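See below for the structure under consideration.
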There are 2 protein chains.
Amino acid sequence: MAKSFSVKDRLHEQAGALTPAERQLSSVLMRDYPVGGLQSITRIAEAAGVSTPTVIRLARKLGFDGFPELQAAMRDEASEQFKTPIRKREGWGDTKPGSAAFTAFAEAVFDNLSRTIDRLEPGTLDAIAGVLADRQRPVYLSGGRITRSNADYFYNHLQIIRPAVTLLGASPNVWPQYILDMDRASVLILFDIRRYERDLERLADLAKEREAEIILFTDQWGSPITRLADHVVNAMIEVPSSWDSTLAINLIIEALIAEVQTRVSDSARERIEALEDMFRSTRIFRKP
Amino acid sequence: MAKSFSVKDRLHEQAGALTPAERQLSSVLMRDYPVGGLQSITRIAEAAGVSTPTVIRLARKLGFDGFPELQAAMRDEASEQFKTPIRKREGWGDTKPGSAAFTAFAEAVFDNLSRTIDRLEPGTLDAIAGVLADRQRPVYLSGGRITRSNADYFYNHLQIIRPAVTLLGASPNVWPQYILDMDRASVLILFDIRRYERDLERLADLAKEREAEIILFTDQWGSPITRLADHVVNAMIEVPSSWDSTLAINLIIEALIAEVQTRVSDSARERIEALEDMFRSTRIFRKP
DNA sequence: CGCAGGCTGTCAAGATAATTTCGTTGATTA
DNA sequence: TAATCAACGAAATTATCTTGACAGCCTGCG
């Protein structure tokens, strides 16, 4: 291969042919590219958690004679990029990641995330995490046409962390039997963003009659269920697209998963370990 | 080495106290600042036409312990200047959105998102959108234990936008019948993040044998499927949690949905409207 | 179950870099 | 014309890096 390829290019080109340790290393190199590669081989190896020979092997695989040559190449690239007067830097400034549309989209998402966080009531997450960390309380989840995936994602994790978690299926016909089981200890997590769905509201009504605690994830305008909910998370969902973005909802979900996991950690540890044993058939890569 | 002034500042500050040889050296350092200072002391000394002890004496005069410290300082400066504007994200300092844990989590997510974008190969999104916008090509999706939800989310939208979209179920037992249908026109979208799953790799193998085009969403380290994939998206997934974050993957998914929607928009419009009519007539939602 | 082969770390030798020591140079001054 | 001293580099010394050789480990296969 010709010398004109950047280290980044070469890494990507060889991506498929890299061994696990080399991938690990590659990701460290990319992390602070290209300046990160300008320290001694020892330091780089340490940062990546691999041995120094592995670094050399990667350098060779990329077509260099040895590590010093790789480093020289990266230094040249760094120097080159510093010389270009205006930030022609890829990624954001302009151009590269495809269209301007993508940049606009990404910026809207960033904006949504910050604004969603800003708008959160201080105690809300804490309260929700507290409720979900109580293993005595059965948890039910349901979502709308689109947000069903979000409910599914939340369910997926919760159900591993703690017992008594139920995902209400897509078809409202089967909901009543679950509703029958609800009581004041029950927790119902609902997702309802615009194009608010009547069925969900009815579900919330019935659950409230049985005094279940309702946690609602909705959009900036607020689903009608707001009036019934004990805890409400308003996420910003508008992006330059025909579709709404549920990324802000996912952010909150993931944060809650982390928090709930922490709170129930002792009791959950054995649960998770048991599960992992069962999943052992799938190979593990590398614990951080 | 008390203060945190840049090397440039220190050189300027000491300008009057420099000896001729040091002045010479200083000017060489400034010529390709700060990257020029990142080679070995020998090379720098040669370039400046001075001896290596002179370099060390200058480093000490500037307040460093030795040459390596000076070099580390210059590397940090270079690295700092390389950071993309978005990533600085100093904003929301102390907006008390609850715990410090949450703030840390949110910051990690922001970092993940921007780094994921940084790392995207320029043409990738474009290429993927192009493939998915071709309504002649049947699309199949599948994911792992956790990422199944992401696949589901993508499926949910794609299936509304265009025909011939299939979500492969949770149980690998039923995959073979779908694989039988695949050919060189088929597109297989896979999600595989760490704790890479063997079943998915096998699926990819079989699909590749039938010459299907494979689109892979994986993590920063890269699933083994990378070697088989025609398009790869590497998302950063590490957060301060026991669980990995798939938010960056979702960002790309949503961006792709927006883009594909735009490309097929004319033909998709009638499709969506038809669907909405059906939803309206059966019952459920109201318009926002 | 045992073997083959790929992956990766340990170790030690050889190479290079960084620092110290010390002597030379040249300018300044008595 | 010495004597002094800062500036500087050559060479020696020490520290660190780079690389090759080798061995352990895991995985896949018969």
Side-chain angles (χ1 to χ4, degrees), chain A residues 14-29 36-75 280-288, chain B residues 1 14-29 36-75 194-202 204-205 221-227:
Chain A
Q14 300 280 336
L18 295 187
T19 69
E22 286 168 346
R23 271 193 205 118
Q24 174 83 7
L25 178 58
S26 163
S27 105
V28 169
L29 248 31
L38 299 183
Q39 14 190 224
S40 78
I41 190 175
T42 315
R43 228 112 5 151
I44 293 174
E46 266 172 22
V50 303
S51 65
T52 53
T54 298
V55 182
I56 294 175
R57 284 189 277 256
L58 178 62
R60 297 253 160 86
K61 202 177 254 186
L62 295 181
F64 297 99
D65 279 349
F67 176 74
E69 283 73 24
L70 167 67
Q71 195 169 57
M74 296 189 77
R75 191 166 43 239
R280 187 63 64 89
S281 62
T282 71
R283 143 171 62 138
I284 292 176
F285 176 37
R286 176 182 292 268
K287 290 273 192 176
Chain B
M1 45 182 296
Q14 299 280 337
L18 296 186
T19 68
E22 286 167 347
R23 233 182 286 275
Q24 173 78 11
L25 177 57
S26 165
S27 93
V28 168
L29 247 30
L38 300 182
Q39 24 193 210
S40 78
I41 191 174
T42 317
R43 229 73 55 103
I44 292 175
E46 268 172 19
V50 303
S51 66
T52 57
T54 300
V55 182
I56 294 176
R57 281 188 280 258
L58 178 61
R60 298 247 160 91
K61 199 177 263 183
L62 295 180
F64 298 99
D65 279 348
F67 176 73
E69 284 73 23
L70 166 67
Q71 196 170 54
M74 296 188 77
R75 191 170 41 238
R194 78 172 155 192
R195 274 120 196 264
Y196 313 115
E197 300 186 19
R198 179 75 66 202
D199 285 337
L200 283 175
E201 191 176 355
R202 205 160 298 141
D205 264 325
W221 306 285
S223 139
I225 300 177
T226 302
R227 72 187 156 84

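Reminder, nothing fancy here: chain letters follow the sequence lines and each chain counts from 1. Predicted model only: the values in this text are computed from it and were never measured.
Residue P53(A) is in base contact, counting any heavy-atom pair closer than 4.0 Å across all strands shown. Across all strands, S40(B) comes closer than 4.0 Å only to sugar-phosphate atoms, never to a base (heavy-atom distances). Residue-level contact check: V50(B) touches the backbone only, with heavy atoms under 4.0 Å from sugar-phosphate atoms and none from bases.
Close to dG9(C), at under 4.0 Å from its OP1 or OP2, lies no side-chain N or O of R57(A). OP1 or OP2 of dC17(D) has at least one side-chain nitrogen or oxygen of R43(A) nearer than 4.0 Å. Phosphate contact (OP1/OP2 of dC7(C), side-chain N/O of T19(A), threshold under 4.0 Å): absent. Put simply, R60(B) has no side-chain N or O that comes within less than 4.0 Å of OP1 or OP2 on dA18(C). Residue T54(B) places at least one side-chain N or O closer than 4.0 Å to OP1 or OP2 of dG9(D). Between R198(B) and dG28(D) there is a side-chain polar atom (N or O) within less than 4.0 angstrom of OP1 or OP2.
Considering only the side chain of I41(A), dC17(D) comes nearest among dC7(C), dC8(D), dC17(D).
In this structure, D65(B) places its CG atom 9 Å from P of dT19(C), rounding to the nearest Å. To the nearest angstrom, P of dC26(D) lies 19 Å from OH of Y196(B). Atoms CD (Q71(A)) and P (dT16(C)) sit 15 Å apart, rounded to a whole Å. Separating the CZ atom of F67(A) from the C1' atom of dT19(D) is a distance of 13 Å, rounded to the nearest angstrom. Rounding to whole angstrom units, CG of residue L18(A) and P of dT8(C) are separated by 10 Å. In this structure, R23(B) atom CZ and dC8(D) atom P are separated by 10 Å, rounded to whole Å. Rounded to whole Å, atom P of dA7(D) lies 15 Å from atom CG of L25(B). F64(B) has its CZ atom 13 Å from the P atom of dT19(C), to the nearest Å.
One side chain, T54(B) or S51(B), offers a donor N or O that lies under 3.5 Å from an acceptor on the other.
In terms of position along DNA chain D, the nucleotide closest to A21(B) lies nearer the 5' end than the nucleotide closest to the other residue of the pair I56(A) and A21(B).
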task: Applying side-chain contact (heavy atoms from CB on, under 4.5 Å), run through R227(B) and E201(B) and close with a yes or a no.
output: CA-CA 10 Å; R227(B) 72 187 156 84; E201(B) 191 176 355; 2.8 Å; yes
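With R60(A) contributing its side chain and D65(A) its backbone, the two residues share a donor-acceptor pair below 3.5 Å.
Between E22(A) and R57(A), no side-chain nitrogen of the basic residue sits less than 4.0 Å from a carboxylate oxygen of the acidic one, so the salt-bridge criterion is not met.
Minimum interatomic distance between F67(B) and G37(B) (heavy atoms only, all atoms of both residues): CZ-O, 4.4 Å.
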